2 protein chains.
Amino acid sequence: MVLSRTSQYAVQALIYIATQAPGEPVLNRDIADRLNVPAAYLAKILQSLCKHGLLDSFRGRLGGFCLRDGMQKTSLMQVLLLTEGPDFTKSCILGLKECTDETACPMHFKWKPVKNKIIAMMNDMHLEDLAKAVQTGKYRLADLPAAAMPVA
Amino acid sequence: MVLSRTSQYAVQALIYIATQAPGEPVLNRDIADRLNVPAAYLAKILQSLCKHGLLDSFRGRLGGFCLRDGMQKTSLMQVLLLTEGPDFTKSCILGLKECTDETACPMHFKWKPVKNKIIAMMNDMHLEDLAKAVQTGKYRLADLPAAAMPVA
DNA sequence: TTCCTTAAAGAGGTTTTTGTCCGAATTATA
DNA sequence: TATAATTCGGACAAAAACCTCTTTAAGGAA
């Protein structure tokens, strides 16, 4: 309804990494297993997050990914601007290229405050806090694995 | 950010049709021109809206599409449930299949009220009202045509 | 009846998103 | 040094979303 799958994977992975001991690289495979997400695809996403400075990566034995120093405070908005693109906050719900208070689509003034709530929410949530929430055990980052089915 | 292009085209077209004289079929071509949207694609969308009972269609001369009787009161939510699918209102922002108050993702309780605002908004807006808003001339359904560029 | 106009239907094409695979580079350790 | 473990980079593949084309059927008008 709001985020691409790529964004969802990125956010899940970042939160998961933020729950792990800082400075201890986390394996792509472990993240993928934990989130139940395609590993090769996730690797691409993590690489991209590295290029954008959110993560550090280490090759070879004991390699993996960890949050770049200071990036625990990253807001979801910062992440989404990378994964959804810089126009993430600018979109008209009807798809008009130009939709401002002056030249508005008929939904503009109803949509605007809601959109602003979304933006405020994304600005308000930080990896750190989300990671802590997960660490309490009250919240889940991924669906539970399906129960093993008996073989007919 | 929220709606597929197909949904955007559908909503735009429905509002446009609602601005036209009831009972007077509107040509697919006219709608497409007016909204600056691919005509053949729009035709598919309108056909689907017919099958779902929002529109009536007429073939041959003086043919076209018009709102089915009574459908001026259709809410955007009704439209979006058709174009985005029945899970439109159920989605977890992180993509979890199950994300409820009991088994929640770490964003759940922040996202929930915002999602409910979106749902309320979509339930609140009806074709009729949006059409009237457009008829005042204060709101636009499509981008203005690009100004003709001088040739070099 | 014949012609023109229109939507219907279905096949197919393109683009974007999502996902896979493989070889190369890098690193710790035995 | 050799080996195993890991990310990197690029090419490729599959699926979904978006869009086009062609033919057919239907309806109104000359």
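Quick caveat, the model's predicted, so the values are computed rather than measured. In what follows, chains are A, B, ... by sequence order, proteins preceding strands, each numbered from 1.
Note on A:Tyr9: a side-chain N or O is less than 4.0 Å away from OP1 or OP2 of C:dG19.
Interface residues of residues 10-27 of chain B facing DNA chain D, ordered by number: none; criterion, heavy-atom separation under 4.0 Å.
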**Q.** Summary of protein contacts for nucleotides 21-30 of chain C, nucleotide by nucleotide, where a base hit scores B, a sugar-phosphate-only hit scores S (4.0 Å, heavy atoms)
**A.** ----BBBBS-
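If you take CD of A:Glu84 and P of C:dT16, they are 16 Å apart, rounded to a whole angstrom. Going from atom CZ of A:Arg5 over to atom C1' of D:dA16 covers 10 Å, rounded to whole Å. Regarding B:Leu42, its CG atom lies at a distance of 12 Å from the P atom of C:dA8, rounded to whole Å. Rounded to whole Å, atom P of D:dT24 lies 17 Å from atom CD of B:Gln47. If you take CZ of A:Phe65 and P of D:dA5, they are 18 Å apart, rounded to a whole angstrom. To the nearest angstrom, P of C:dT5 lies 16 Å from CG of B:Asn28. Residue B:Gln8 contributes atom CD, which lies 9 Å from atom P of D:dC18 at whole-angstrom precision.
Linking Ile, Leu, Val, Met, Phe, Trp and Tyr residues whenever their side-chain heavy atoms come within less than 4.5 Å leaves B:Phe65 and B:Phe58 in two separate clusters. Residues A:Tyr41 and A:Val26 share a single hydrophobic cluster, defined by chaining ILVMFWY side chains whose heavy atoms lie under 4.5 Å apart.
Judged purely by distance below 3.5 Å, without hydrogens or angles, the side chains of A:Ser57 and A:Gln47 never pair a donor atom with an acceptor atom. A donor atom on one side chain and an acceptor atom on the other are not found under 3.5 Å apart for B:Gln135 and B:Thr19.
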